[in-house]
J.: 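Shown below is the structure under consideration.
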Amino acid sequence: MNRIDLEGRKAIITGGARGIGYATAERMIASGAFVELWDIDAAAIDEAVKSLGDQATGNVVELTDEKVVAVAAGKTFDARPVDILVNNAGITGGNAKTWELAPDIWRRTIEVNLVAPYLTCHALVPLMAKAGYGRIVNVASIAGKEGNPNASHYSASKAGLIALTKSLGKELAGSGILVNCVTPAAARTSIFDQMTQEHIDYMLSKIPLNRFVEPSEVAAMIAWLASNDCSFTTGAVFDISGGRAVY
Ligand SMILES: NC(=O)c1ccc[n+]([C@@H]2O[C@H](COP(=O)([O-])OP(=O)(O)OC[C@H]3O[C@@H](n4cnc5c(N)ncnc54)[C@H](O)[C@@H]3O)[C@@H](O)[C@H]2O)c1
């Protein structure tokens with residue numbers, strides 16, 4: 001593993017208690033950063049912080065709650081200015097045809113995957129802008145580019161997150177804050193428990209490299225996007241789909 005320079009940087013990683021968020025925390029700590037995990041699962045945060053060590057802290061945050069996010073943002077920034085925000089938390093909302101998905105599940109998926117990243121940006125961008133520096137990395141999905149069948153809520157939420165990235169990137173151009181997103185193919189994390197085996201098989205069948213991406217591979221791309229080395233790219237979408245996407 002090469003060491004990306006994140007020395008002394010402070011990162012908030014949402015959904016960082018497990019999976020891709022946890023792998024990103026590991027990678028960022030190995031690169032010299034301090035990380036704060038924002039997640040709804042208190043027990044998983046405790047376990048993650050214990051295994052990540054001194055450079056990690058945790059905060060139980062329900063990311064769809066505007067007030068909770070605002071308070072957490074203020075507290076986290078007061079403790080140490082935040083340089084990096086990784087909007088990673090997400091849910092699939094299960095798999096079914098669009099007309100079979102219950103409205104509350106459709107709405108919840110949009111809330112967690114799209115509204116929550118807006119809320120974290122709403123709370124943290126003004127603080128980052130004052131400091132004149134920031135890197136925001138949104139974890140979207142290949143589903144947002146291609147539209148997976150039996151996942152219209154998930155695909156639409158991730159397409160929305162891609163568009164949020166593009167708009168915010170342009171709005172913040174010149175502020176010192178760069179905003180980009182990644183669009184991974186499937187990674188074998190606990191999010192697989194929220195999908196049917198048929199859907200998992202479908203996703204694998206679409207990947208020319210013929211395997212799932214490892215969380216550490218996604219983390220490597222996120223860490224670079226969160227670094228100073230990423231200096232002339234904003235509002236952009238980074239593919240990590242094993243050859244599935246051709247754009
Ligand atoms: N694993 C994949 O196949 C895959 C592929 C493409 C994109 N992604 C995206 O990557 C991101 C991470 O996925 P993962 O596979 O690591 O998932 P995961 O289920 O392993 O982890 C997601 C984390 O988000 C947290 N979370 C969920 N809702 C929350 C809320 N309302 N408030 C706070 N925390 C909340 C969960 O507690 C969990 O710790 C997600 O946005 C997902 O959509 C995953």
J.: Please determine, by modelled atom types, if Trp106 and Thr98 share a side-chain donor-acceptor pair under 3.5 angstrom.
T.: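 Note: Trp106 and Thr98 side chains miss the donor-acceptor criterion.
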J.: Counting only heavy atoms from other residues, nucleotides and ligands, does the tally under 6.0 Å from CD of Glu62 exceed 12?
T.: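 Counting other residues, nucleotides and ligands, CD of Glu62 exceeds 12 neighbours.
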J.: Taking atom types as modelled, find out whether Thr76 and Glu36 have a side-chain donor-acceptor pair closer than 3.5 angstrom.
T.: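 Distance-only check passes for Thr76 and Glu36.
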J.: Hey, does Val125 have a side-chain heavy atom less than 4.5 Å from the side chain of Glu171?
T.: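 No, too far: nothing below the 4.5 Å cut-off.
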J.: First locate atom CD1 of Ile13, then atom CE of Met28, and finally report the distance between them rounded to the nearest 0.5 Å.
T.: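 Going from CD1 on Ile13 over to CE on Met28, the span is 5.0 Å.
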J.: Considering only heavy atoms from C-beta outward, does the side chain of Cys121 approach that of Asn87 to under 4.5 Å?
T.: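 With C-beta onward as the side chain, the pair touches.
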J.: Taking the side chain as everything from C-beta on, heavy atoms only, tell me whether Leu37 gets closer than 4.5 Å to Leu52.
T.: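 SC-SC contact between Leu37 and Leu52 confirmed.
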J.: Nearest 0.5 Å, what's the OG1-NZ distance between Thr165 and Lys170?
T.: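 Here the rounded value is 10.0 Å.
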J.: Does some side-chain heavy atom of Val115 sit less than 4.5 Å from a side-chain heavy atom of Leu119?
T.: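 Touching, per the 4.5 Å side-chain cut-off.
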J.: With distance as the sole test, does Asn95 use its side chain to make a donor-acceptor pair with the main-chain N or O of His199 at under 3.5 Å?
T.: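 No, because the side chain of Asn95 does not come within donor-acceptor range (under 3.5 Å) of the backbone of His199.
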J.: Excluding sequence neighbours, so at least two apart, what forms side-chain hydrogen bond (donor to acceptor under 3.5 Å, both in side chains) with Thr24?
T.: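 Once residues adjacent in sequence are excluded, Thr24 has no partner under the side-chain hydrogen bond (donor to acceptor under 3.5 Å, both in side chains) criterion.
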J.: We want to know whether Tyr22 and Thr189 form a side-chain donor-acceptor pair, criterion being a heavy-atom distance below 3.5 angstrom.
T.: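 No, because no side-chain N or O of Tyr22 sits under 3.5 Å from a partner of the opposite role on Thr189.
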J.: If you compare all heavy atoms of Gly93 against all heavy atoms of Ile105, which two are closest, and at what distance to 0.1 Å?
T.: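 It is O-CG2, 3.2 Å.
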J.: Check Glu217 with Arg188, please: is the shortest side-chain N to carboxylate O separation under 4.0 Å?
T.: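 Salt bridge: no.
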J.: Does Ala236 offer a backbone N or O that forms a donor-acceptor pair with the side chain of Asn180 under 3.5 Å?
T.: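 Checked: pair present.
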J.: Would you say the side chain of Ile162 lies within less than 4.5 Å of the side chain of Thr183, judging by non-hydrogen atoms?
T.: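 The answer is yes; the side chains approach within 4.5 Å.
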J.: Give every donor-acceptor pair under 3.5 Å between a side-chain atom in residues 219-230 and any protein atom, sequence neighbours left out.
T.:
| residue | atom | partner | partner atom | Å |
| --- | --- | --- | --- | --- |
| Ser227 | OG | Trp224 | O | 2.7 |
| Ser227 | OG | Asp229 | N | 3.2 |
| Asn228 | OD1 | Tyr133 | OH | 3.2 |

J.: Counting only heavy atoms not in Arg3, do more than 12 fall under 6.0 Å of its CZ?
T.: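 Atom CZ in Arg3 is packed in, count exceeds 12.
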J.: Measure the spacing between CD1 of Ile207 and CZ of Arg244 and express it to the nearest 0.5 Å.
T.: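 Reported to 0.5 Å precision, the distance equals 7.5 Å.
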J.: Give a yes or no on whether Phe232 atom CZ has more than 12 heavy-atom contacts from other residues, nucleotides or ligands under 6.0 Å away.
T.: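 No, CZ of Phe232 has 12 or fewer neighbouring heavy atoms, counting only those of other groups under 6.0 Å.
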J.: Please check this pair: side chain of Asn59 against backbone of Val61, looking for a donor-acceptor N/O pair closer than 3.5 Å.
T.: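 Looks like no, no N/O pair under 3.5 Å.
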J.: Are any of the side-chain heavy atoms of Phe238 and Thr233 separated by less than 4.5 Å?
T.: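 Yes. Closest side-chain heavy atoms under 4.5 Å.
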J.: Could you tell me whether Asp104 atom CG has more than 12 heavy atoms of other residues or ligands within 6.0 Å of it?
T.: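 Counting other residues, nucleotides and ligands, CG of Asp104 exceeds 12 neighbours.
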J.: With rounding to the nearest 0.5 angstrom, report the OG to CD distance, Ser31 to Glu7.
T.: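 Between Ser31 OG and Glu7 CD, I get 9.0 Å after rounding to 0.5 Å.
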J.: List the atom of Ser157, the atom of Leu114, and the distance in Å for their closest heavy-atom pair.
T.: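 Of all heavy-atom pairs spanning Ser157 and Leu114, the closest is O-CB, 4.0 Å.
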J.: Hey, could you give me the CE/CG distance between Met195 and Asp201, rounded to the nearest 0.5 Å?
T.: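 Here the interatomic distance stands at 11.0 Å.
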J.: A side-chain contact here means heavy atoms from C-beta on lying under 4.5 Å apart; do Thr120 and Leu63 qualify?
T.: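 In short, these two side chains touch, coming nearer than 4.5 Å.
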J.: Using a 4.5 Å cut-off on heavy atoms from C-beta on, say whether the side chain of Ile142 contacts that of Lys206.
T.: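 Sidechains of Ile142 and Lys206: no contact.
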J.: I need the Thr109 OG1 to Ile91 CD1 distance, nearest 0.5 Å.
T.: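 Output value for this atom pair is 4.0 Å.
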J.: Which heavy atom of Asn88 sits nearest a heavy atom of Ile20, and at what distance?
T.: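 Heavy atoms only, the tightest pair is OD1-CG2, 3.6 Å.
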J.: Are there more than 12 heavy atoms of other residues, nucleotides or ligands under 6.0 Å from atom CD of Glu47?
T.: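 It does not: Glu47 CD has 12 such atoms or fewer within range.
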J.: Consider side-chain hydrogen bond (donor to acceptor under 3.5 Å, both in side chains). Of Glu100, Glu198, Lys97, which one does Asn150 pass it with?
T.: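 Result: among Glu100, Glu198, Lys97, Lys97 is the only option passing the side-chain hydrogen bond (donor to acceptor under 3.5 Å, both in side chains) with Asn150.
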J.: Using every non-hydrogen atom in the two residues, find where Val139 and Val86 come nearest and quote the distance to one decimal.
T.: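 Answer, listing the atom of Val139 first, then Val86: CG2-CG1, 4.1 Å.
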J.: Is the number of heavy atoms from other residues, nucleotides or ligands within 6.0 Å of CD (Gln197) greater than 12?
T.: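 More than 12 within 6.0 Å, yes.
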J.: Looking only at heavy atoms, what is the nearest atom pair of Tyr202 and Pro149, with distance?
T.: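 Smallest interatomic distance, heavy atoms only, reads OH-CD, 3.2 Å.
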